Amino acid sequence: MKPQLLSLLRQALDQVLAGTGVAAPDTIAVDATKDSRHGDFATNLALTLAKALGKPPRKVAEELVRALPPSPVVSKVEIAGPGFINFFLAPTAFQALVAEILDRGVEFGRNNAGAGRKAMVEFVSANPTGPLHVGHGRGAAVGDCLARLLQATGWEVCREFYYNDAGAQIGNLAISVQARCRGVEPGQHGWPEDGYRGEYIKDVAKSYLAGEKVHADDREVTAAADPDNLDAIREFAVAYLRREQDLDLKAFAVHFDVYYLESSLYREGKVEQTVQDLVKSGHTFEQDGALWLRTTGFGDDKDRVMRKSEGGYTYFLPDVAYHVNKWQRGFTRVINEQGADHHSTITRVRAGLQALGIGIPQGWPEYVLHQMVTVMRGGEEVKISKRAGSYVTLRDLIDEVGRDATRYFLVARKSDSQLVFDIDLARSQTNDNPVYYIQYAHARVASVMRQLAERGMEWDLAAGKAALEKLTDASELALIAQLARYPELVADAAEQLEPHQVAQYLRELAAAFHGFYNTQQVLVEDAGLRNARLALALATQQVLRNGLDLLGVSAPEKM
RNA sequence: GCCCCGGUAGCUCAGUGGAUAGAGCGACCGCCUCCUAAGCGGUAGGUCACAGGUUCGAUUCCUGUUCGGGGCGCCA
């Protein structure tokens, strides 16, 4: 409906501006009104043009309204307040949408903005040194939802998980497991200084000593069971913890297409190649025995060491090498979903990529950072520390509040906001979770369909579409107006990389449906009206299902 | 000292360059002989952190202040 109004306004605008020498604005704001007395949509176009035209806003509005071509979609146009133009839409414009939704089904709301281009979403990317915690859960929920939004808008999406299986952290993991193999407890003599103290390390050791075989999504290892073989322990521990993470992610219904190993960047010479290319670029210098990159030339506040004086590389080199590889794989669009504590890497990675001068655009890759998740339990904050072992894992959360609710909670807030996850609240108020409110709306439609069959009535699609003009109640038109917002909402959420918009929208849509359901009886005697209302209910169910699917939340038939 | 994010109802959080600022939870009052009451309707509750600026108009944009969180290493 909005595109039609925009087109009408463009035509009117051309006519009004003709001969004035004033250029038409690039965008025209047409927004759904908050107050129904202001019509269905409103534009402030006249207010924004008044100055350039040297006329009072209301005068400009009058000229625009006079120039508007007639349209079957618009039933009334009013000029209000300082110069707003309010559009009242014809009920048929709303009613026709119900048929469109039923025709398009799962396709309704999708668009082809991505035109089949390749995009990568890298997310979670946790090192295999412990189970996934709530912060990873937020990353998983947001990242997966971003991927789904991009897919819904025509992108070909690769979900990628990057991790380190060979660095210092992994070495620390190995000696921690080894200590546990030997029966050493944290704090005792022989416990490694920065060892991982969590109980799960004991489980890894037990499994290793038992000679178990573990199978993760990207690797399989049989334990050597020898406590003196540190290499074997390392390999086993990585596989074991990767498998644990896979189980967490599976429970969360998140899958990855590619697992990318930091170690492969070294093994395949990509890190060395990147160093050479950076040196060749002329943006490096030697100082104090180390090799530096002049990142200050690319917006950083200080230059960064690439190769330490002792010869090893700093962490950001493999990061740059990794992103060169992403670029070379043809991902002209890459979105990295990370915790906000990594924000300082953004400038450095981009600086490294710019220094290489290989045609990578300045703002590439894109980043979506999520703020910290604070976990409350028993009215107290639970500190998340792998080393201390006090821990709220993603799986705990899924077990306690369910996958759907966990996903919804973690994605329903702007990534920029810190998130307080109160476990007791989420547990005790399971029935009051917003996700159930949305799912219930979906299940209610399914229930109506069951009742329909029980009463020996039939649903007739053609009759429903033919009788849509019977949908005239305020609750019906309000519901359709919500449904009408969906395609634009998907486009906006995808464009702005904001999954929470979908979560918010679905709650509003569910509210509109519950309002309709309480006001109007669907299964009435009048077959025409019944089919029209069934059409509306089914269209709502379709949009709820489409939207819930974007969040990775299930749409139950029965609750 | 510098960088990033936030400060909106008792709590958790949406939202917006415009016309009376919203939801959920919590509180209070109503609604099932009727398609699942996991629902609906209503009441109470706000100087949109503070101060300047831009604007016809700012809670929204800019600057400063302040409070809270995170980050600033030849750690990753």
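Residue numbers start from 1 in every chain, and the chains themselves are labelled A, B, ... in the order their sequence lines are given, proteins ahead of strands. As a basis for the values below, the full set of heavy atoms in this structure was taken, side chains included, without hydrogen atoms, waters or symmetry mates. As the structure is a computational prediction, the values presented were derived from the model and not from experiment.
Every residue two or more places apart in sequence or in another chain that forms a ring-ring contact (aromatic ring centres under 6.0 Å, His included) with F285(A) is listed here: W292(A). Residues forming a side chain to side chain donor-acceptor pair (under 3.5 Å) with R138(A) (at least two apart in sequence, or on another chain): none. When the ring-ring contact (aromatic ring centres under 6.0 Å, His included) test is applied to Y313(A), no partner is found at least two apart in sequence or on another chain. In terms of the ring-ring contact (aromatic ring centres under 6.0 Å, His included) criterion, residue partners of F409(A) (sequence neighbours excluded) are, by chain and number, F421(A). Residues satisfying the side-chain contact (heavy atoms from CB on, under 4.5 Å) criterion with T48(A), sequence neighbours excluded, are N44(A), L45(A).
Across all strands, A441(A) comes closer than 4.0 Å to no nucleic acid atom at all (heavy-atom distances). Contacts of D300(A) with the nucleic acid, taken as non-hydrogen atoms under 4.0 Å apart, are absent.
Using a 4.0 Å cutoff on non-hydrogen atoms, the parts of residues 488-517 of chain A near RNA chain B are H500(A), Q504(A), R507(A), H514(A), Y517(A), ordered by number. Contacts between residues 518-539 of chain A and RNA chain B, counted as heavy-atom distances below 4.0 Å, involve N518(A), Q520(A), Q521(A), V522(A), L523(A). A heavy-atom distance below 4.0 Å to RNA chain B is reached by these residues of residues 47-59 of chain A, ordered by number: L47(A), K51(A).
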Without placing hydrogens or testing angles, list every side-chain donor-acceptor pair under 3.5 Å for residues 509-526 of chain A, not counting sequence neighbours.
from	atom 1	to	atom 2	distance (Å)
H514(A)	ND1	R444(A)	NH1	3.0
H514(A)	NE2	Y437(A)	O	3.1
N518(A)	ND2	H514(A)	O	2.9
T519(A)	OG1	G515(A)	O	2.5
Q520(A)	OE1	R533(A)	NH2	2.7
Q520(A)	NE2	D473(A)	OD1	3.1
Q520(A)	NE2	D473(A)	OD2	3.0
D526(A)	OD1	G528(A)	N	3.0
D526(A)	OD1	L529(A)	N	3.3

Residues 49-57 of chain A, side-chain donor-acceptor partners within the protein, below 3.5 Å, at least two apart:
from	atom 1	to	atom 2	distance (Å)
K55(A)	NZ	E63(A)	OE1	3.3
K55(A)	NZ	E63(A)	OE2	3.0

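Comparing rC5(B) with rC40(B), their C1' atoms are spaced 38 Å from each other, to the whole Å. Look at the C1' atom in both rG22(B) and rA44(B): the space between them is 16 Å, to the nearest Å.
Each of rA19(B), rA38(B), rA14(B) was ranked by its minimum atom distance to the side chain of K414(A); first place goes to rA14(B).
Separating the CG atom of N44(A) from the P atom of rU60(B) is a distance of 18 Å, rounded to the nearest angstrom.
RNA chain B forms stems at B:1-7 with B:66-72, B:10-13 with B:22-25, B:27-31 with B:39-43, B:49-53 with B:61-65, each a run of 3 or more consecutive Watson-Crick or G-U wobble pairs whose two key distances fall under 3.5 Å.
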Reading 5' to 3' through nucleotides 71-76 of chain B, protein heavy-atom contacts under 4.0 Å coded B for base, S for sugar-phosphate only, - for none: SSSBSB

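Dashed line: the shortest gap from a side-chain N or O of Y437(A) to OP1 or OP2 of rA37(B) is not under 4.0 Å.
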